[in-house]
Amino acid sequence: MTMLVEVAVERYRFVCGRCGHTWTADYDVQYVSDDVGASFAFYRLDGVPVLPPTGDEIICPNCSTMSVRAIIEGRRNSLPALLDSDQPRRRVTTSPEQRRASVPHLPAVGGP
């Protein structure tokens with residue numbers, strides 16, 4: 001059984017080793033633990049599942065190289081709502097696809 005351990009928003013600064021371009025992005029991260037106690041992190045950027053920002057897969061938007069270094073700048077815990085709490089909530093009657101199609105897409109932090 002997998003158990004949610006922590007939910008956070010982590011801000012990363014990216015620096016291109018080739019052209020020097022820098023930018024930042026905020027990632028939603030879910031930390032989970034499995035049956036044997038191993039922990040895993042699942043990353044989302046703008047609501048889309050992505051590979052960890054600290055991997056070698058980040059491409060510089062300026063020069064298209066993969067010589068990008070990620071530096072964590074900060075983080076903030078983001079606790080999920082408790083079902084038995086007084087936190088505001090609303091029943092969802094639309095699919096994720098309908099919700100994405102019904103609102104404008106926001107640019108990434110540090111984007112154009």
Side-chain angles (χ1 to χ4, degrees):
M1 181 171 140
T2 303
M3 185 169 114
L4 181 63
V5 176
E6 181 181 13
V7 179
V9 175
E10 296 180 352
R11 175 167 293 162
Y12 287 85
R13 173 167 301 282
F14 298 94
V15 180
C16 178
R18 180 175 176 201
C19 72
H21 181 68
T22 64
W23 71 98
T24 61
D26 290 348
Y27 288 79
D28 295 309
V29 188
Q30 291 183 349
Y31 292 93
V32 299
S33 180
D34 66 11
D35 292 343
V36 295
S39 295
F40 300 91
F42 293 91
Y43 292 84
R44 288 183 178 265
L45 181 61
D46 296 328
V48 177
V50 294
L51 294 171
T54 54
D56 295 331
E57 297 83 12
I58 303 296
I59 297 172
C60 175
N62 189 52
C63 70
S64 301
T65 188
M66 292 177 74
S67 300
V68 175
R69 181 174 166 218
I71 306 157
I72 190 163
E73 276 196 339
R75 69 185 315 272
R76 149 178 72 84
N77 287 344
S78 177
L79 299 176
L82 301 173
L83 295 178
D84 60 350
S85 75
D86 291 338
Q87 295 182 29
R89 59 183 158 260
R90 179 178 67 171
R91 180 178 217 93
V92 177
T93 60
T94 56
S95 71
E97 293 79 17
Q98 290 170 321
R99 289 190 296 278
R100 282 193 283 277
S102 68
V103 296
H105 181 71
L106 295 173
V109 174

- request: Flag yes if V50 and I71 sit in one hydrophobic cluster, no otherwise; membership is Ile, Leu, Val, Met, Phe, Trp, Tyr, and two members link when side-chain heavy atoms are under 4.5 Å apart.
  value: no
When rounded to the nearest 0.5 Å, the distance separating CG of D26 from CG of D46 is 9.0 Å
Heavy-atom nearest pair, L51 first then Y43, reads O-CB, 4.4 Å
| task | Check the pair C60 / F14 against side-chain contact (heavy atoms from CB on, under 4.5 Å), numbers first and verdict last. | result | CA-CA 9 Å; C60 175; F14 298 94; over 6 Å; no
Side chain to side chain donor-acceptor pair (under 3.5 Å) filter on E6, not counting sequence neighbours, yields R75
Between P53 and I58, the two heavy atoms sitting closest are O-CG1, 3.5 Å
dist R44:CZ -> Q30:CD (nearest 0.5 Å) comes out at 7.0 Å
Heavy atoms of I59 and V68 approach each other most closely as C-CG2, 4.2 Å
Pairwise side-chain contact, C63 with H21, heavy-atom cut-off 4.5 Å (strictly under): no
Quick note, side chain to side chain donor-acceptor pair (under 3.5 Å) partners involving residues 59-69, not counting sequence neighbours, are T65-S67
Value for CD (E73) from CZ (R11), rounded to nearest 0.5 Å, stands at 7.0 Å
Worksheet item: Is the shortest heavy-atom distance from the side chain of I72 to the side chain of Y27 under 4.5 Å?
Response: no
Rounding to 0.5 Å, atoms OG1 (T24) and OH (Y12) come to a distance of 13.0 Å
Scanning both residues in full, the closest heavy-atom pair of M66 with E57 reads CE-CA, 3.5 Å
Is it the case that one hydrophobic cluster holds both Y31 and L45, taking links as side-chain heavy atoms less than 4.5 Å apart, direct or via other members?
yes
